[in-house]
Amino acid sequence: MHHYDEPVYLISIVAKILDIHPQTLRQYERENLINPSRSDGRIRLYSQRDIDKIKLILRLTRELGVNLAGVDIILNLKETIDAMEKEIADLRHDVQVAKSAHSVAPEKSLVTKKSLYEMIVFKE
């Protein structure tokens, strides 16, 4: 079995798997929606990750009617969201590690919380 990011599929195989014309794949590459690897002989090679991304592009264009400019925006936003979700997960992990390393009694606050009504000053 190949690694998810290993470029092993030729353009003809990907076109057959996804039931699209190879020219469509070349257009997606021209639009910078996908970036397949190249062999030493400049042959396009696609990974499983590339195929999954193409499936997403096809779903957006075929089922949802999104044009390629919209697909580009959606893919960029998805990458940003994925990166942020990973960062949040890493930060949550760091907080858990810090909490477990410093499991001492919580410090008492120097400031007490008051209700909104206790902070109102009335003039006579």
Side-chain angles (χ1 to χ4, degrees):
M1 190 67 159
H2 299 287
H3 188 268
Y4 188 65
D5 291 317
E6 186 178 355
V8 293
Y9 302 101
L10 297 170
I11 191 169
S12 59
I13 301 300
V14 174
K16 192 173 284 191
I17 289 170
L18 299 175
D19 193 30
I20 58 176
H21 197 279
Q23 193 62 26
T24 304
L25 295 170
R26 291 184 192 100
Q27 180 184 6
Y28 291 168
E29 186 177 359
R30 280 192 304 275
E31 298 283 338
N32 291 319
L33 298 176
I34 59 173
N35 188 18
S37 298
R38 299 284 183 146
S39 70
D40 293 337
R42 304 288 298 151
I43 296 173
R44 289 175 179 87
L45 294 173
Y46 297 84
S47 67
Q48 186 60 48
R49 182 179 305 278
D50 294 327
I51 292 173
D52 290 344
K53 188 172 184 179
I54 295 164
K55 285 179 182 178
L56 174 59
I57 293 168
L58 291 172
R59 180 170 179 265
L60 290 170
T61 56
R62 289 178 177 173
E63 295 176 24
L64 301 176
V66 178
N67 64 21
L68 293 183
V71 169
D72 186 40
I73 291 169
I74 291 168
L75 291 177
N76 287 330
L77 288 172
K78 184 180 180 318
E79 280 182 27
T80 302
I81 290 169
D82 290 346
M84 287 178 167
E85 285 177 342
K86 183 185 180 324
E87 185 177 354
I88 289 169
D90 292 344
L91 290 171
R92 283 187 175 147
H93 177 265
D94 293 347
V95 167
Q96 287 298 340
V97 168
K99 279 184 179 179
S100 64
H102 295 77
S103 56
V104 272
E107 296 179 21
K108 291 189 176 183
S109 176
L110 297 176
V111 178
T112 58
K113 294 181 182 176
K114 295 185 176 184
S115 75
L116 177 64
Y117 299 106
E118 290 175 305
M119 289 191 257
I120 297 174
V121 177
F122 293 99
K123 290 186 178 181
E124 290 186 30

Any chain of hydrophobic side-chain contacts (each under 4.5 Å) joining [X] to [Y]?
X   : Y   : value
L18 : Y4  : no
I81 : V71 : no
L77 : Y28 : no

From [X] [atom1] over to [Y] [atom2], what is the distance, rounded to the nearest 0.5 angstrom?
X   : Y   : atom1 : atom2 : answer
N35 : K53 : CG    : NZ    : 8.0 Å
R44 : S39 : CZ    : OG    : 11.0 Å
N67 : I73 : CG    : CD1   : 8.0 Å
M84 : L91 : CE    : CG    : 12.0 Å
E79 : N76 : CD    : CG    : 6.0 Å
L25 : R30 : CG    : CZ    : 10.5 Å

For side chain to side chain contact (heavy atoms under 4.5 Å, CB included), just list the numbers for L45 and L10, CA-CA rounded to whole Å, side-chain angles, deciding distance to a tenth of an Å, and then say yes or no.
-> CA-CA 5 Å; L45 294 173; L10 297 170; 3.6 Å; yes
Check L68 against E31 and note the closest heavy-atom contact, atom names and distance.
->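 So the two residues come closest at CD1-CG, 3.9 Å.
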With a 4.5 Å heavy-atom cut-off, do [X] and [Y] have their side chains touching?
X   : Y   : value
D72 : N32 : no
L56 : I74 : no
L75 : I57 : yes

Are any side-chain N or O atoms of D50 and backbone N or O atoms of S47, one a donor and one an acceptor, separated by less than 3.5 Å?
->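 Side chain of D50 to backbone of S47: a pair is present.
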For E63, all residues meeting salt bridge (charged side-chain N to carboxylate O under 4.0 Å, His left out), sequence neighbours excluded |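 So E63 forms a salt bridge (charged side-chain N to carboxylate O under 4.0 Å, His left out) with R59.
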With D5 via salt bridge (charged side-chain N to carboxylate O under 4.0 Å, His left out) - residues at least two apart =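 Salt bridge (charged side-chain N to carboxylate O under 4.0 Å, His left out) list for D5, sorted by chain: R49.
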Side chain to side chain contact (heavy atoms under 4.5 Å, CB included) assessment of Y46 paired with I34 = CA-CA 10 Å; Y46 297 84; I34 59 173; 3.8 Å; yes
Verify whether one side chain among Q23 and R26 offers a donor that lies under 3.5 Å from an acceptor in the other.
->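 Checked: Q23/R26 side chains pair up, N/O donor to acceptor below 3.5 Å.
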What do the steps show when you test D82 against K78 for salt bridge (Lys or Arg N to Asp or Glu O under 4.0 Å), and what is the final call?
-> CA-CA 6 Å; D82 290 346; K78 184 180 180 318; 3.0 Å; yes
Taking only residues two or more places apart in sequence or in another chain, which ones pass side-chain contact (heavy atoms from CB on, under 4.5 Å) with R42?
->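 R38.
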